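Reminder, nothing fancy here: chain letters follow the sequence lines and each chain counts from 1. Everything quoted here is computed from the prediction, not taken from an experiment.
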Protein chains: 2
Amino acid sequence: MRKFETHAAYCPMVRTMGYIGGKWKPIILARLAVGNVRFGRLTIQIPDISRKILSQQLKELEEDGLIIRHSYNEKPPRVEYELSDIGKTLMPILNAMNDWGEQIAGNIGSGHPISDKLSGKQVV
Amino acid sequence: MRKFETHAAYCPMVRTMGYIGGKWKPIILARLAVGNVRFGRLTIQIPDISRKILSQQLKELEEDGLIIRHSYNEKPPRVEYELSDIGKTLMPILNAMNDWGEQIAGNIGSGHPISDKLSGKQVV
DNA sequence: AAAAGTGGTAACATTAAAGTAACTAATGAG
DNA sequence: CTCATTAGTTACTTTAATGTTACCACTTTT
C-alpha cells in the first residue's frame, strides 16, 4: 500500500489511492475481475511486469484483503488468485478505467496531446 | 506520464494508468472536478503534497491535455486550473474512486485487514 | 539423463518519485 | 522601509518503487 500521511484519514481519494495506487495494481485487479487467474497466466497477460513485482503486488493485495490466493498442493505447483468480495467492490473503478482507456484511443483527433502521444513512438 | 512499454498499445488499463497513474494525479483531478482551483488552494486541500511536486504534476496533466491552466497577469500572480473537456471524461473514474474511499471507511467490520489498517495508526 | 513446467524468493542494481530549503518578482499593507 | 502575498523554480538529497539475474523444489515429459 502506498504511503500517505494523516491526510488519508479524511480524504476518500487518498484512501483509495492507498489501496490501488501502485503502478500495476489496477492492471492486475482488472485481470482478476474477469475471472480467476494463475500466477503464470498473469505474467503473460501483463508482459511488462516482472515476476518479482507481480508476486510482491499480489501479496500486498492479499494482505489488504482485496484478493484471495488459492494454493493447490500439486507438482508443479498451481496457484490461483481471485477477487475477494471487497475486491469486487472495486469493479466500478476498474470498469471506468478500462472504458476510458478504450475510448481515449479512438475518440481523440490528431493535434491533441493525447492523440499525439498515442500515435507516436513515445512510450505510453 | 508513467512509463510503460509496448503493452500499452493494446491494453486499455495500461493506457489509462499512463495518464492518471501517479501517486497524486487522481487526487488533484478530483479536486479540479469540483471546480476551478488556484494553485495555493490545492496546496491547502492536499496538505501532504509539496509545492514542487504539485507544480510538476499539474504541468504533466496540462501537457497530457487533461487540465487547462489559466494565468492572470496580476501581482501577486493568480493561476487557476480546470479540467479540460477530455479531463472531464475522467469523472466516472474519479467518482468511482471517491465513492469507494468513502464506503470502505464505514462498511467493513473489524478483523478485516482493511478495517484494521484504517483504525490503527498505520499510515493509510 | 536432461529438460520443461510452476510459483515463487534472495541479493543486488537502478530508476522514478518525492521531499527540503532557499530563492524570485512585483505589488500593497502597515 | 519592511513584511506578506502568490506561484512558482532551482539545486540538492532522500526514499520508494521497480527491475535483473540467478536460483530452488518437485514431478512429468522427452
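Distance from the side chain of A:Gln56 is smallest to D:dT18 among D:dT18, C:dA18, C:dG8. Of the candidate nucleotides D:dA7, D:dG19, C:dG8, D:dA7 has the atom nearest to the side chain of B:Phe39. Here the side chain of B:Ser50 is nearest to one of D:dG8, D:dT20, C:dG19, namely C:dG19. Picking from D:dG19, C:dG7, C:dA22 the nucleotide with the shortest atom distance to the side chain of A:Trp24 gives D:dG19. With C:dG7, C:dA18, D:dA7 as the candidates, the nucleotide lying closest to the side chain of A:Pro77 is C:dG7.
When the side-chain nitrogen and oxygen atoms of B:Lys52 are compared with OP1 and OP2 of D:dA7, none of them lie within a distance under 4.0 Å. Side-chain N/O atoms of A:Gln57 include none lying less than 4.0 angstrom from OP1 or OP2 on D:dA17. For C:dT9, the OP1/OP2 oxygens have a side-chain nitrogen or oxygen of A:Lys59 closer than 4.0 Å. Using a 4.0 Å cut-off, some side-chain N or O of A:Arg38 falls inside it from OP1 or OP2 of C:dG7. Proximity of A:Arg51 to the phosphate of D:dC23: no side-chain N or O atom is located under 4.0 Å from OP1 or OP2.
Rounded to an integer number of Å, the gap from B:Leu54 CG to C:dA17 C1' is 15 Å.
Counting any heavy atom pair closer than 4.0 Å across all strands shown, B:Ser55 reaches sugar-phosphate atoms only and no base atom. Note on B:Glu80: nothing from the nucleic acid sits closer than 4.0 angstrom, heavy atoms only. Using a 4.0 Å heavy-atom cutoff across all strands shown, A:Tyr81 reaches sugar-phosphate atoms only and no base atom. The residue B:Arg41 sits apart from the nucleic acid: no heavy atom pair falls under 4.0 Å.
The backbone N or O of B:Met97 sits less than 3.5 Å from a side-chain atom of A:Thr16, completing a donor-acceptor pair.
In this pair, B:Tyr81 and B:Phe39 present their aromatic rings tilted. The plane angle is within the 30 to 60° band.
Grouping the Ile, Leu, Val, Met, Phe, Trp and Tyr side chains by contacts below 4.5 angstrom, directly or via other members, places A:Leu83 apart from A:Ile68.
Contact annotation: the side chain of B:Leu61 approaches that of B:Lys25 to within less than 4.5 Å [non-hydrogen atoms, C-beta and beyond].
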